[in-house]
*Asks:* 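Before I ask anything, let me first share the structure, which is written out below as structure tokens.
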Protein chains: 2
Amino acid sequence: MNLTIAEENYIKSIFKLQEGTETVSTNAIAYELDTKPASVTDMAKKLKEKKLIDYEKYHGITLTAEGKKIALQIIRRHRLWECFLVDKLSFSWEEVHELAEELEHVRSEKLTTRLSDFLGNPTTDPHGDPIPDAQGKMNKIRSLQPLDKAAAKRLEVAAVNDQSTALLEFLNAKGIRLGTQIEVIERYEFDNSVEIKIKNQPAFTISEQVSKNILVRPL
Amino acid sequence: MNLTIAEENYIKSIFKLQEGTETVSTNAIAYELDTKPASVTDMAKKLKEKKLIDYEKYHGITLTAEGKKIALQIIRRHRLWECFLVDKLSFSWEEVHELAEELEHVRSEKLTTRLSDFLGNPTTDPHGDPIPDAQGKMNKIRSLQPLDKAAAKRLEVAAVNDQSTALLEFLNAKGIRLGTQIEVIERYEFDNSVEIKIKNQPAFTISEQVSKNILVRPL
DNA sequence: AATAAAGTTTAGACAAATCTAAATATTTTG
DNA sequence: CAAAATATTTAGATTTGTCTAAACTTTATT
């Protein structure tokens with residue numbers, strides 16, 4: 001299956017949006033890829049032709065088994081490159097997403113396998129996201145909960161839900177990284193903000209928008 | 001300067017062909033890039049518009065200073081990735097050219113700098129070609145001569161002139177790699193073939209086509 | 001259930017990169 | 001130096017991925 005970079009990006013977006021919901025809307029994909037719904041419709045026809053998605057006019061899109069397989073390969077490459085950039089080239093976690101978006105399109109199984117070996121076959125990327133193995137199997141460590149919904153008081157940061165530079169820089173500034181231990185001091189109902197404390201630091205409050213995107217596990 | 005991958009490939013080819021000769025022909029570029037002369041003409045207009053080449057209809061192409069600068073950046077990235085693939089991921093020298101052709105198009109100065117540092121700032125790639133530094137300066141170790149023209153009897157292999165898998169696999173099979181020491185036993189005039197000997201091995205003969213592409217330095 | 005709102009698709013256009021075939025320019029050669 | 005050979009360019013078409021504007025479907029609302 002020979003895919004263009006654009007096709008790969010569509011497959012990846014559909015996979016991402018499909019988590020949870022069954023079928024993905026034209027609009028959602030357009031928003032995710034920063035393009036227009038009409039363009040998505042055009043591409044949907046092509047991907048259907050290639051049997052990578054199921055698609056009926058006006059009724060949304062889902063990946064076929066083959067489509068999912070390809071999505072997982074792309075995600076695997078993306079996350080391995082992120083590990084490489086952080087572990088070997090000392091990039092910080094907010095810098096690597098965009099570079100990995102480009103590197104992920106180099107399709108070579110041999111390269112992917114060797115890169116993975118070189119990195120010690122990591123199972124999570126610098127944002128805490130699981131890395132699919134060569135067969136496309138991925139640990140769904142989604143025993144994780146977003147901080148805004150977690151019940152326990154003592155928590156550990158395990159992943160982030162959003163790769164945007166803005167969020168990651170904010171977390172850097174606050175001293176929040178993967179593995180950081182957090183104590184929930186107070187939850188404020190009126191705006192769903194949370195007051196939290198990190199060891200040896202004064203407590204501070206974060207908005208719902210932020211806490212939604214921090215995935216934690218109870219300690 | 002925002003270039004497409006196609007534009008980068010044209011720049012790189014022109015740079016390569018420009019060595020020695022002053023102006024590069026439409027035909028030569030078309031052959032190098034495995035495309036048609038008409039396509040080269042079209043692209044020449046675009047690159048001229050962007051001031052990366054000097055071009056007058058029917059009178060060939062040369063890179064401007066800016067064009068050369070960009071070419072050297074691309075070559076730098078290409079050769080650094082080749083080093084990475086061989087030194088860190090254990091690829092062999094005949095496998096890396098095609099992968100590097102893809103990786104070289106990831107344009108990030110920070111990535112390039114860090115990759116170079118990670119590799120110990122190498123100055124030659126796995127085929128013996130010099131790697132331009134961040135300023136575009138490149139050791140012209142072209143005190144090197146092709147084996148078919150070298151005068152001395154005892155020689156060391158310093159580089160190869162052709163990245164094709166076919167040649168490199170041939171050299172692998174014959175035990176010829178960078179640093180291999182060669183003794184010239186005999187030169188045959190009628191077909192310009194050379195009989196050579198590598199330490200602890202029986203002598204063998206190689207064709208002009210091969211010896212042209214092996215760059216050596218006297219010992 | 002009819003209508004308004006929201007979402008999606010079609011039609012037609014455009015830019016990038018390519019191609020073929022025909023036209024034109026340059027170079028080589030008898 | 002004119003004709004032939006070679007090289008280059010133009011004209012017109014194609015593919016991929018995109019867009020806008022208009023048309024159409026589905027869904028939500030009153």
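In the text below, chain A, chain B and the rest are named by the order of the sequence lines, each starting its count at 1.
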*Asks:* Check whether S193(A) reaches the backbone of E208(A) with its side chain - one donor and one acceptor, N or O, closer than 3.5 Å.
*Replies:* no
*Asks:* In whole angstrom, what separates H59(B)'s NE2 from dT8(D)'s C1'?
*Replies:*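 Those two atoms, NE2 and C1', are 11 Å apart.
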*Asks:* What residues in residues 27-43 of chain B put a non-hydrogen atom under 4.0 Å from any atom of DNA chain D?
*Replies:*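 Correct list: N27(B), P37(B), A38(B), T41(B).
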*Asks:* Without decimals, in angstroms, what is the distance between E49(A) CD and dT15(D) P?
*Replies:* 14 Å
*Asks:* dT25(D) C1' sits how many Å from K57(A) NZ, rounded?
*Replies:*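 Rounded to the whole Å, the gap is 10 Å.
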*Asks:* Grab the CD1-P distance between I5(B) and dG17(D) for me, whole Å please.
*Replies:*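 Nearest whole value for this atom pair: 13 Å.
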*Asks:* Ring pair (Phe, Tyr, Trp, His ring centres under 6.0 Å): which pairs involve residues 24-66 of chain B, sequence neighbours left out?
*Replies:* none
*Asks:* Going by the angle between their ring planes, with limits at 30° and 60°, are F118(B) and F84(B) parallel, tilted or perpendicular?
*Replies:*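 Taking F84(B) first and then F118(B), their aromatic rings sit tilted (interplane angle of 30° to 60°).
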*Asks:* Among dT8(D), dG17(D), dT25(D), which nucleotide sits nearest the side chain of A6(A)?
*Replies:* dG17(D)
*Asks:* First and last nucleotide of DNA chain C in contact with chain B, 5' to 3', at under 4.0 Å to a heavy atom: what are they?
*Replies:*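 Answer, 5' to 3': dA16(C) to dT26(C).
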*Asks:* G136(A) and L72(A): which non-hydrogen atoms are nearest, and at how many Å?
*Replies:*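 In terms of heavy atoms, the two residues are closest at O-CD1, 3.3 Å.
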*Asks:* Ion pair present between E32(B) and K16(B), side-chain N to carboxylate O less than 4.0 angstrom?
*Replies:*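 K16(B) and E32(B): salt-bridged.
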*Asks:* If only atom types and distance count, is the side chain of R77(A) paired as donor or acceptor with the main-chain N or O of L103(A) below 3.5 Å?
*Replies:*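 It does not hold such a pair.
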*Asks:* Can E101(B) and K12(B) be counted as an ion pair, charged N to O under 4.0 angstrom?
*Replies:* yes
*Asks:* Could you report the tightest heavy-atom contact between V86(A) and P126(A), atom names first, then the distance?
*Replies:*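 Closest pair (atom of V86(A), atom of P126(A), distance): CG2-CG, 3.5 Å.
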